[in-house]
Amino acid sequence: MTVPTLSIRNLHKSFADNQVLKGIDLEAHKGDVISILGASGSGKSTLLRCVNLLETPTSGDILVNGELIKMKSDKKRGAIPESNKQVERIRSRLAMVFQSFNLWSHLSVLENVIEAPVHVLGVPKKEAIVKAEALLQRVGLYERKDYYPGQLSGGQQQRVAIARALAVEPEVMLFDEPTSALDPELVGEVLAVMRDLAKEGRTMLVVTHEMAFARDVSNKVLFLHQGLVEEQGKPEDIFTNPSSERFKQFISTVY
Amino acid sequence: MTVPTLSIRNLHKSFADNQVLKGIDLEAHKGDVISILGASGSGKSTLLRCVNLLETPTSGDILVNGELIKMKSDKKRGAIPESNKQVERIRSRLAMVFQSFNLWSHLSVLENVIEAPVHVLGVPKKEAIVKAEALLQRVGLYERKDYYPGQLSGGQQQRVAIARALAVEPEVMLFDEPTSALDPELVGEVLAVMRDLAKEGRTMLVVTHEMAFARDVSNKVLFLHQGLVEEQGKPEDIFTNPSSERFKQFISTVY
Amino acid sequence: KEWKEIRIGVEGAYPPFSKTEEDGSITGFDIDIANALCAELEAKCTLVKQDWDGIIPALLGRKFDAIIATMDITEERQKKVAFTKKYQHIPARFVAIKGVAYEATEAFMEGKKIGVQRATTMDLYISDNFPSAKIKRYGSADEAYLDLKADRLDYVMADSAAIADGLLAKDGGDKFEFVGPKLNDPKWFGYGAGIAIRKQDKDLVEQLNKAIDAIRADGTYKTIQDKYFTFDVYGQE
Amino acid sequence: MFSLYGYQDIFLEGAWLTLQVALLSLVLSVALGLLAALAKLSHSTILTSIATLYTTIIRGIPDLILMLLIFFGGQLLINDMSYNLNEWLNETITGYYPNHEWTAYLPEYIDISPYFAGIVTIGFIFGAYMAETFRGAILSVDKGQLEAATAYGMNKYKRFFRVMFPQMMRHALPGLGNNWLVLLKTTALVSIIGLQDMVKIAGDASGSTQKPFTFYLVVALIFLFYTAVSTTALKWAERKYSIQTR
Amino acid sequence: MDFSIILNEYQFYLEGLWTTTWLVALSLLIGLVIAIPAGVLRSHQNWLIKGPIWAYMYFFRGSPLLVQLFLIYYGVAQFDSLRESWLWYYFQEAWFCALLAFSLNTGAYTAEIVRGVINTMPKGELEAAKAYGMSPWQILKRITLPNSLKRALPAYSNEIIFMIHGSAIAGVVTIVDITGAARVVNARYYAPFEAYLAAGVLYMCLTFSVIYLFKLWEKSYQHQ
Ligand SMILES: Nc1ncnc2c1ncn2[C@@H]1O[C@H](COP(=O)(O)OP(=O)(O)OP(=O)(O)O)[C@@H](O)[C@H]1O
Ligand SMILES: Nc1ncnc2c1ncn2[C@@H]1O[C@H](COP(=O)(O)OP(=O)(O)OP(=O)(O)O)[C@@H](O)[C@H]1O
Ligand SMILES: [Mg+2]
Ligand SMILES: [Mg+2]
């Protein structure tokens, strides 16, 4: 068996007294598209944010391409990463697409896309621009490359955010509800781009409320409930034949 | 026939090129409760604001108790009132209740109510206070008389605004969507007070979206459309048997 | 210790002793003396311009090593700094509009407005002798003259030579005249103007004392004096 | 050409000097302000209290007093210290080697020129006001912007210089502009500590020409000119750097 | 360092404190009297009214207070006609010139504050006042000004602090305020550190009393 691109083992996370994640295991191999479902507050965002250490896990291991992110204990904050260098390197391999896009508002579309390649990965600027233009072409925003984020619609901004993520050629792309801040008319354009990425064989972890996407595009679905994985499996299995009562109830309310 | 308390004759009002009112006629006799309906942008607020000259009509006459508000032409602004004194006097006879209450935030509830009687009408302060307290009793806010507007809920603020209006013993009370800035739970308390006022025989002009109020409380309903009175009559007649296509459509969407 | 480089603090607003020209350069009696002394010592001198009321703190703060600014040698000052022997001695005087009376009594001076430069010997003299007068302290003598002209002052007190040059010799100066006697009571005015030096630098005091004697002896002093004054500014030996 | 009784040339120099002092203090105050703002927002209690003490003291004491204190007092303090240290060193060494010659191991004096004192003081004072401006600006930068930077693997310096700084400057610009206008006028005080700026020159010139009104009016007009130019430039900059939206 | 000097000369400082206090207080009061009409009329439609006010505010906000003080104190003496008029009775006094300069200066800054808060007056409350028949004058007096007061407080307390700081220059025209006292003491004892530090402490006391009082005042408005 090949080394999994991402593996999460027995992950716990608490905020003060609030235990949000109580032992999550997850493995993503190259080409996997994993959808993470769950009610609001069930810890989906927290899980995703732990993967690239935007939140520090309370305990548990995270391995990217078999490399363990080393942690050490800290008086004030419990556990902290042992080496910031390692964390920064790993983060640059995991690209995150945020619910609220978080494009850098002081940079133009093109500058947003080349920022991380040039200033984190050290790609020569010229090269980065050529590639960025191709990516913008791909998400259909080449013409807008000199616009600023504030001048774009939400759907356009999210597509730029996806181009920005692709520009670092990530091992895994992390999506946190990429369409839920969008007006219904704009959701389609972003989902279309994501479908394309899945077809291409990108490894993706997608927190979403879009059942259609989870069912049709992903090859694995995880349902979080009260900090644990309540149900998981191939979408064709678990949607038609859910074993957990909670999950049944969840899909019935969402549909 | 008695002199109408308020009569409006052939009122026109334009903002720059935008003709908002294109000839409105209206008569209110003592004790009339007239509801003014109309889609958003149809000029309801403008009509009400022309009555007490918060907007200056482009042309047309307004008479209060038979007294014509004299206008003269002005180079810059078209028509303006001939005498500010007259306008101020007439305004003090027409009390307006605003959609957003517009209580004076630096004055307490009691001070809000006695402000106009004492400082515009010259009522002795003691007398004004006695009366104000009775009015606050009546709208159920006597206990809050020393609060400031910022400390009251919307519904309470609007009831204070009504007490403030009553305090000047107005010939006509003008209401501009008095409940539309309120949360649904608070609408009832304000409508109850208005119902009481109607029963008492107050003359009222009410712009409203509350069909139930228009139908049950007013004795005349006006429907504005594109700057003209498209339909008018007793509520029992026009709601059951509307003659205008527009009005039919309007009530069907609102119900 | 050898003094190869000496930084000298000067004032620049007290003609004819020191004066700022239109182009920003500084000239005057004190300046010429300073340069002559440096030539005598074969030292390289830099002139540093400094407002009067900060001039002693600046010396103590080592902004410069010596002050040549018509500074009278007084006991009060000697507590803080050392002095060379005097290099000139000019009495102080009152000046007023022509015809204004003057009496050196406390009763007469009561309520009179007297302008002086802050932190000078004159400042002390008036504070001690006429405490009931309204004393007005200025940063520079020029400002005091402006207010005397503007009728805001009854008298200005300053070095007589400075008054002669900075006020009486100027346009409109004919409206003013000296009043009262020359004042040189050592209790307030000391023993003439010397060069102030930090107390630690005793060697510099000695060297400058020698230099003063030398320029007195070789006639340099007289040449400089005649450039600015028609009378002897050194006084008795 | 205007003529000011022969003073126009050094007057222009003074005007240029005023501008220099103002610009250099601006640079200093921005740097200090940034540091103080970061210290205030840091997790370290020591840094936070130092920064708070700094901003509080500056808010409490007039510019002029601070200027006099730094110019006179500071000079005395620094040079006394360096002198005493020198003496001590020499004495100690002479103790060991009796025929040791007196040497200045430390500079015998550190000359705080009025130019330098003025710049330092004004920079120091406005650093405190800038700190408040920057603190507000830092707090108003959207958290998501930094989070995105973190997520893409930037370290904390890159995060600061590539994302935080450019974004906060946009929020800081109006406050910065105001502080600049006040700072510009505060430079007039350097004349009191003896710097040959245009106010001082006007003072000297009115002493010898007896035309104070003329000179001070010219000074006021030059300041008004500086202010007008600054306001225009600020308006332009605010428009340029305002958040780009449709 | 030797702070006994300060103790010896404490009455100098006390007099200075008193001078600074009354000079600033009176300036603020006169400034306010200038600022309210100026701030209100600054937004008037008529250029003949708003033009001069604009110029006044622009001049006094755009140039340094020190220069304004010099202009008024030394500058006016250049005009013989003024010196021969009855006005000279006042202008010859340094305190009068300082008071005038300070008042005009703070008046201009305060006028800007007044203009700012009046412009942010809630429109609806003004309309309500109109609708109840108040005249423009009544609206200003009964609604606009009292309503704006609490919004003006933070900016105004800053202005007071700036004025206290700014008043430190009174010493340059022979007034013995706190700074003036410190300069005289320094000149007599050549002890700048002690002299100015003592002045700094006095100013701090003044400033923080003002800040404290305004905090209390602002708190009393919290319910509105
Ligand atoms: N920084 C934080 N500090 C404290 N508690 C937090 C923090 N972030 C999240 N939480 C808590 O963790 C729990 C899970 O939050 P999380 O954002 O992961 O939920 P989610 O599944 O993403 O919900 P949603 O669908 O609303 O985005 C919530 O109870 C939340 O209050
Ligand atoms: N001060 C103004 N200047 C320019 N146009 C105005 C002004 N006030 C109102 N209008 C225009 O007049 C028209 C009627 O506005 P009005 O507020 O009277 O409508 P309304 O019937 O009260 O609507 P709503 O139900 O939304 O309150 C609108 O097209 C509006 O844009
Ligand atoms: Mg979430
Ligand atoms: Mg309306």
Side-chain angles (χ1 to χ4, degrees), chain A residues 45 48-49 51-55 76-77 83-109 111-122 146-153 156-157 160-161 164-165 167-168 170 173-174 176 181, chain D residues 30 34 37-39 41-49 133-134 136-177 234 236-246:
Chain A
S45 298
L48 220 57
R49 292 164 59 81
V51 170
N52 68 357
L53 285 110
L54 283 179
E55 304 287 355
K76 260 197 224 152
R77 289 182 294 164
S83 145
N84 281 328
K85 277 259 165 320
Q86 189 198 27
V87 170
E88 279 152 23
R89 183 164 42 79
I90 287 182
R91 274 182 185 148
S92 71
R93 316 303 316 124
L94 303 170
M96 181 125 169
V97 175
F98 297 86
Q99 179 178 3
S100 47
F101 333 137
N102 292 350
L103 291 177
W104 294 303
S105 55
H106 62 297
L107 301 178
S108 72
V109 164
E111 288 165 342
N112 261 283
V113 179
I114 64 170
E115 179 73 13
V118 173
H119 293 279
V120 178
L121 304 177
D146 295 322
Y147 282 48
Y148 283 83
Q151 300 169 303
L152 300 179
S153 75
Q156 292 172 325
Q157 289 190 49
V160 174
R164 174 172 74 168
V168 297
M173 293 181 77
L174 310 171
D176 190 0
Chain D
V30 167
L34 262 180
L38 290 176
L41 293 171
S42 77
H43 297 292
S44 149
T45 6
I46 304 172
L47 286 181
T48 316
S49 9
T133 307
F134 286 139
I138 289 175
L139 289 177
S140 49
V141 170
D142 177 26
K143 263 201 177 154
Q145 298 277 321
L146 285 176
E147 214 161 60
T150 315
Y152 281 92
M154 291 195 190
N155 61 29
K156 65 178 168 192
Y157 302 102
K158 280 199 180 122
R159 248 179 352 239
F160 181 78
F161 286 106
R162 301 224 35 100
V163 178
M164 174 54 96
F165 186 73
Q167 297 233 355
M168 64 174 269
M169 284 321 266
R170 206 158 53 187
H171 296 285
L173 207 54
L176 203 78
L234 277 167
W236 174 83
E238 268 175 47
R239 208 173 317 128
K240 175 140 194 259
Y241 293 105
S242 69
I243 296 176
Q244 304 280 340
T245 49
R246 266 190 281 213

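Throughout, a chain's letter reflects where its sequence line sits, starting with A, and its residues are numbered from 1.
With a 4.5 Å cut-off on non-hydrogen atoms, Asp142(D) touches chain A through its side chain but not through its backbone. Contacts of Ala161(A) with chain D are made by backbone atoms alone, with heavy-atom separations under 4.5 Å and no side-chain atom involved. Contact annotation for Asn52(A): only side-chain heavy atoms (C-beta onward) come within less than 4.5 Å of a heavy atom of chain D. Only the backbone of Leu94(A) comes within contact range of chain D, with heavy atoms under 4.5 Å apart.
In this view, Thr150(D) satisfies the side chain to side chain donor-acceptor pair (under 3.5 Å) rule with no residue, not counting sequence neighbours.
Of the possible polar contacts, one joining the Gln145(D) side chain to the Leu103(A) backbone as a donor-acceptor pair under 3.5 Å is found. Without hydrogens or angle criteria, Tyr152(D) side chain to Pro117(A) main chain gives no donor-acceptor distance under 3.5 Å.
Taking all atoms of both residues into account, the shortest heavy-atom contact from Gly153(D) to Val120(A) is O-CG1, 3.7 Å.
Among residue pairs with one or both ends in residues 146-169 of chain D, those qualifying as salt bridge (charged side-chain N to carboxylate O under 4.0 Å, His left out) are Arg49(A)-Glu147(D), Glu115(A)-Arg162(D); sequence neighbours excluded.
The most heavy-atom pairs under 4.5 Å with chain D, out of Phe101(A), Trp104(A), Phe98(A), come from Trp104(A). With chain A as the partner, the residue from Met154(D), Gln167(D), Lys143(D) showing the most heavy-atom pairs under 4.5 Å is Gln167(D).
Atom OH of Tyr147(A) is surrounded by 12 or fewer heavy atoms from other residues, nucleotides or ligands within 6.0 Å.
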